[in-house]
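In what follows, a structure is listed as structure tokens, so that the remarks can point back to it.
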Amino acid sequence: MPIFSLPNFTKLKDTLKHQGLRNKLVKTLIDKGIQDEKVLDSIRKIPRHLFMDSSFGDFAYQDKAFPIAAEQTISQPYTVAFQSELLQLKLGAKVLEIGTGSGYQTAVLLELKAKVYSIERQRELYKKTKLFLSKTRYKPKVLIFGDGYKGLPDEAPFDGIIVTAGAPFVPKPLLSQLKVGGRLVIPIGDSTQIMTLFIRKSEKEFEKHEFGDFRFVPMLENKN
Ligand code: SAH
């Protein structure tokens with residue numbers, strides 16, 4: 001199914017060449033240890049080149065992060081796959097994403113049949129991605145310009161929360177907005193981050209698991 005529903009976007013093509021490059025990318029991700037078939041399928045389906053500036057289009061299927069607007073980056077496909085796998089989403093899961101960025105991770109969550117609530121802190125990027133996604137078949141429930149440190153108390157609790165910027169510490173509101181059994185996936189650290197998974201075991205108990213080092217743009221504080 002084509003992702004664009006409006007005629008003026010038909011010039012943005014997803015060609016057989018792009019699909020071939022995506023299949024190769026998926027093989028790379030499998031080699032790097034990604035196993036979740038649904039996550040791999042969503043990466044196989046989503047035309048990542050359309051989420052990037054056309055000047056970077058040729059690089060879209062390398063397993064690399066790339067610049068988008070407002071000095072931010074679209075995360076590396078391996079990182080997107082790794083975080084998505086850790087969330088272990090069930091069909092219809094309610095997910096909060098901190099750092100909408102290009103909307104690519106948002107699209108992956110939607111392909112996993114989640115209901116997605118996403119927050120972006122850079123107004124320029126928020127506007128650009130909101131317009132872009134509105135012209136695709138990727139429809140988050142809520143896309144807001146706001147501060148991810150606060151989460152989204154009005155819509156809580158969530159089955160999953162994913163933070164796609166490097167957090168200096170775990171924001172307490174995010175832990176408290178998880179359902180019991182819910183999972184928070186967050187890279188924690190300054191110049192490099194440790195991918196960290198919190199599972200809420202009860203009202204008061206959280207289990208913490210740490211994975212390898214990753215590198216993200218920093219999670220911004222106090223920015224309007
Ligand atoms: N998931 C995105 C990653 C973008 S990079 C993608 O694949 O394209 C991280 C994003 O987090 C940036 O867009 C940045 O502006 C945003 N961000 C940084 N601090 C934030 C905060 N406090 N709340 C919400 N978003 C934030």
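Counting convention: from 1, in listed order, for ligands and their atoms alike.
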Quick test: of every protein heavy atom, which one is nearest to [atom], and how far off is it to 0.1 Å?
atom                    : answer
atom 19 (N) of ligand 1 : Leu220 N, 2.7 Å
atom 12 (C) of ligand 1 : Gln72 OE1, 3.4 Å
atom 7 (O) of ligand 1  : Ser75 N, 3.4 Å
atom 23 (N) of ligand 1 : Gly148 N, 2.8 Å
atom 4 (C) of ligand 1  : Thr73 O, 3.0 Å
atom 25 (N) of ligand 1 : Arg121 N, 3.3 Å
atom 9 (C) of ligand 1  : Thr164 O, 3.3 Å

Is the shortest side-chain heavy-atom distance between [X] and [Y] below 4.5 Å?
X      : Y      : result
Lys127 : Phe145 : no
Phe158 : Val95  : no
Pro187 : Met195 : yes

Pairing donors with acceptors under 3.5 angstrom, does anything connect the side chains of [X] and [Y]?
X     : Y      : answer
Gln83 : Thr164 : no
Gln62 : Thr28  : no
His49 : Tyr61  : yes

Give the contacting part of [X] toward ligand 1: side chain, backbone, both or neither, where contact means a heavy-atom distance below 4.0 Å.
X      : value
Glu120 : both
Glu221 : neither
Thr100 : backbone

Please list, in number order, the atoms of ligand 1 under 4.0 Å from a heavy atom of [X].
X      : result
Met219 : 18 (C), 19 (N), 22 (N)
Ile98  : 23 (N), 24 (C)
Tyr149 : 22 (N)
Leu125 : 13 (O)
Glu97  : 1 (N)
Asp147 : 22 (N), 23 (N)

TODO: With Asp14 as reference, evaluate Arg22, Lys45, Arg44 under the salt bridge (charged side-chain N to carboxylate O under 4.0 Å, His left out) test and give the passing residue.
DONE: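 Exactly one option meets the salt bridge (charged side-chain N to carboxylate O under 4.0 Å, His left out) with Asp14, and it is Arg22.
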- [ ] Would you verify whether the NZ or CZ of Lys94 falls within 45 degrees of the ring axis of Tyr117 while also being under 6.0 Å from that six-membered ring's centre?
- [x]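 Ring-cation test returns yes.
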Task: Within-shell test, Val80 vs ligand 1, heavy atom, strictly < 4.0 Å - done: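 In this structure, Val80 fails to qualify as a contact of ligand 1 - no heavy atom is under 4.0 Å.
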Does any N or O atom in [X] lie less than 3.5 angstrom from one in ligand 1, N or O only?
X      : result
Ile74  : no
Gly99  : yes
Gln122 : no
Ser102 : yes
Val217 : no

Open item on the list: Here's a test for you: under side chain to side chain contact (heavy atoms under 4.5 Å, CB included), which of Ile162, Val163, Ile119, Val116 qualifies with Leu96?
Closed with: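 Exactly one option meets the side chain to side chain contact (heavy atoms under 4.5 Å, CB included) with Leu96, and it is Ile119.
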TODO: State whether the number of non-hydrogen atoms from other residues, nucleotides or ligands found under 6.0 Å of Lys179 atom NZ is greater than 12.
DONE: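 Correct, the count exceeds 12.
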- [ ] Start with the C-alpha gap between Arg200 and Glu203, add the side-chain angles, then the distance that decides, and say whether salt bridge (charged side-chain N to carboxylate O under 4.0 Å, His left out) holds.
- [x] CA-CA 7 Å; Arg200 187 168 203 166; Glu203 271 307 305; 3.5 Å; yes
Open item on the list: Can a donor-acceptor pair be found, under 3.5 Å and without considering hydrogens, that links the side chain of Asp63 to the backbone of Tyr78?
Closed with: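 Yes, because the side chain of Asp63 sits within donor-acceptor range (under 3.5 Å) of the backbone of Tyr78.
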Open item on the list: Quick check on the 6.0 Å ring-centre criterion: do Tyr149 and Phe169 meet it?
Closed with: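 Yes, ring centres under 6.0 Å apart.
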